[in-house]
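Report on the following structure.
All of these numbers come straight from a predicted model, not from anything done at the bench.
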Amino acid sequence: MEIKTNIAKAQLGDQVAFTFLLDYYWNEVYGFMLKRTENESDAEDICIETFAKAFAKAQMHLEGDTPLVAFERLAEDCLGEVTGDVSWS
C-alpha cells in the first residue's frame, strides 16, 4: 500500500514521495541498466536521467505494469536516447 500511495503522491508532484520511490527502486533499475550497458558510469547516468524524467514529467504511467516495470521501460527509452539505438531490446 505504501508504494501505491507514494506513486499517487509523486504523480501530483510530491518530491518526498518521489524520493521514496527513487530510493526504493534505484538498485533494481541500476542493475537492469548495468546488464545492458556493461558500464557502471553509463548505468548510473541513465538511472539519473530515468528518475529525473519520471519526476519532471510525472511519467508514472503504469497501465497494468508494476512500478519497477514502468521505471525499466523509461530507462530503456533513456538508453535508446543515449545510444541512438532503439533496437537493442
Side-chain angles (χ1 to χ4, degrees):
M1 187 63 102
E2 186 175 16
I3 297 295
K4 288 183 181 182
T5 300
N6 280 294
I7 288 171
K9 289 179 178 180
Q11 287 174 320
L12 296 173
D14 185 321
Q15 191 166 359
V16 172
F18 187 80
T19 299
F20 169 85
L21 296 171
L22 185 148
D23 291 342
Y24 191 86
Y25 289 109
W26 177 270
N27 288 337
E28 291 187 66
V29 175
Y30 173 80
F32 179 73
M33 281 294 103
L34 184 58
K35 287 179 185 176
R36 282 159 177 72
T37 64
E38 298 179 354
N39 181 296
E40 292 177 3
S41 181
D42 288 347
E44 185 172 341
D45 289 347
I46 291 167
C47 282
I48 291 167
E49 183 71 16
T50 297
F51 286 101
K53 282 186 175 189
F55 184 72
K57 298 179 182 179
Q59 289 186 350
M60 293 296 299
H61 307 290
L62 300 179
E63 299 173 7
D65 291 333
T66 66
L68 177 58
V69 171
F71 281 122
E72 286 176 344
R73 286 180 191 231
L74 186 54
E76 289 173 346
D77 291 344
C78 290
L79 177 61
E81 291 171 12
V82 168
T83 63
D85 180 11
V86 292
S87 64
W88 57 267
S89 58

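Nearest heavy atom pair, residue Ala17 against residue Ala10, reads CB-N, 3.8 Å. When all heavy atoms of Tyr30 and Glu44 are compared, the pair lying nearest together is CE1-N, 3.7 Å. Of all heavy-atom pairs spanning Met33 and Leu79, the tightest one is SD-CB, 4.1 Å.
Distance check: Cys78 SG to Asp42 CG gives 12.5 Å after rounding to the nearest 0.5 Å. Taken to the nearest 0.5 Å, the CD atom of Gln15 stands 5.0 Å off from the OG1 atom of Thr19.
Under the 4.5 Å side-chain criterion, counting only non-hydrogen atoms from C-beta, Asp45 is not in contact with Glu49. Contact annotation: the side chain of Leu21 never approaches that of Pro67 to less than 4.5 Å [non-hydrogen atoms, C-beta and beyond]. Within the 4.5 Å cutoff, the side chain of Phe32 has no heavy atoms near those of the Ile46 side chain.
For Phe20, the ring pair (Phe, Tyr, Trp, His ring centres under 6.0 Å) criterion is met by Tyr24, not counting sequence neighbours.
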Could you give me the CA-CA distance, side-chain angles and deciding distance for Tyr25 and Thr66, then say whether side chain to side chain contact (heavy atoms under 4.5 Å, CB included) is met? CA-CA 11 Å; Tyr25 289 109; Thr66 66; over 6 Å; no

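The aromatic rings of Phe18 and Phe71 sit perpendicular to each other, their planes meeting at more than 60°, with 30° as the lower class boundary.
The hydrophobic clustering, which links ILVMFWY residues whose side-chain heavy atoms are closer than 4.5 Å, places Leu68 and Ile3 together. A continuous path of Ile, Leu, Val, Met, Phe, Trp and Tyr side chains, each step under 4.5 Å between heavy atoms, connects Ile48 with Val29, placing both in one hydrophobic cluster.
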